[in-house]
Amino acid sequence: MKKLLRFSLMVFAGLMLLTFASCKKDPSVLKVYVRSASNQLLPGARVVIVGDIYSNPPTREYVDTIISNSTGYAMFNMDEYFGEKPEKGEVGYFDIIVKIDNKVATGRARVRANITNVETVKFDN
């Protein structure tokens, strides 16, 4: 009887541990790759994202700027936008503005909470 009780407690403790481990949420990330007209990745570009307050559903006001790294992408931590406990399936729409030298390229991103979202902005020439 003691063995059965001990086994039951171990199984219960294991299930509780798995339950608590599964509560950890995935980070919300937006990765923006910056490419030249010849499709080369461009480091050192200023990447700005702006919340589209006119989208449907509306996105809250939000602005962030990052310089693309040596491999040509900028990674935005969107947990700052979504907050600690985002609603399931929460979405934000963002305009992307990329500047390098005197050139400007634009794009759009649909960003979902708790997912790594990836967009590419390419310069025309």
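- Between Val47 and Val34, the closest side-chain pair of non-hydrogen atoms falls below 4.5 Å.
- Linking Ile, Leu, Val, Met, Phe, Trp and Tyr whenever their side-chain heavy atoms come within less than 4.5 Å puts Tyr33 and Met75 in one cluster.
- Val91 belongs to a hydrophobic cluster with Tyr93, counting contacts under 4.5 Å between side-chain heavy atoms of Ile, Leu, Val, Met, Phe, Trp and Tyr, direct or through other members.
- Rounding to the nearest 0.5 Å places CZ of Arg35 at 13.0 Å from OH of Tyr73.
- With a 4.5 Å cut-off on side-chain heavy atoms, Leu30 and Ile49 count as touching.
- Hydrophobic cluster membership of Tyr54, counting Ile, Leu, Val, Met, Phe, Trp and Tyr whose side-chain heavy atoms lie under 4.5 Å apart directly or via other members: Ile53.
- Residue Thr59 comes nearest to Ser55 through the heavy atom pair OG1-OG, 3.1 Å, listed as atom of the first residue, atom of the second, then distance.
- Under the 3.5 Å distance criterion, the side-chain polar atoms of Asn69 are matched with a main-chain donor or acceptor of Thr71.
- Scanning all heavy atoms of the two residues, the minimum distance from Ala109 to Ile96 falls at CB-CD1, 3.8 Å.
- At least one side-chain heavy atom of Val48 sits less than 4.5 Å from a side-chain heavy atom of Val63.
- Screening residues 40-52 for salt bridge (charged side-chain N to carboxylate O under 4.0 Å, His left out) gives Asp52-Arg108 as the qualifying pairs, with residues at least two apart or on separate chains.
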Table please: side-chain donor-acceptor pairs of residues 115-122 below 3.5 Å, with sequence neighbours left out.
unit_1: Asn117; atom_1: OD1; unit_2: Arg112; atom_2: N; d: 3.2
unit_1: Asn117; atom_1: ND2; unit_2: Val29; atom_2: O; d: 3.1
unit_1: Asn117; atom_1: ND2; unit_2: Arg112; atom_2: O; d: 3.2
unit_1: Asn117; atom_1: ND2; unit_2: Ile115; atom_2: O; d: 3.0

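- Atom CG of residue Asp124 and atom OG of residue Ser36 lie 11.5 Å apart, to the nearest 0.5 angstrom.
- Not counting sequence neighbours, the partners of Ile100 by the side-chain contact (heavy atoms from CB on, under 4.5 Å) test are Leu42, Ala45, Phe123.
- For Glu90, the side-chain contact (heavy atoms from CB on, under 4.5 Å) test picks out Arg60, Phe82, Pro86, Glu87, Ala113, with sequence neighbours left out.
- No close placement of the Phe94 and Phe76 rings is indicated, their centers lying 6.0 Å or farther apart.
- With Ser28 contributing its side chain and Asn114 its backbone, the two residues share a donor-acceptor pair below 3.5 Å.
- Criterion: ILVMFWY side-chain heavy atoms under 4.5 Å apart, direct or through other members. Under it, Leu41 and Val32 are not part of a common hydrophobic cluster.
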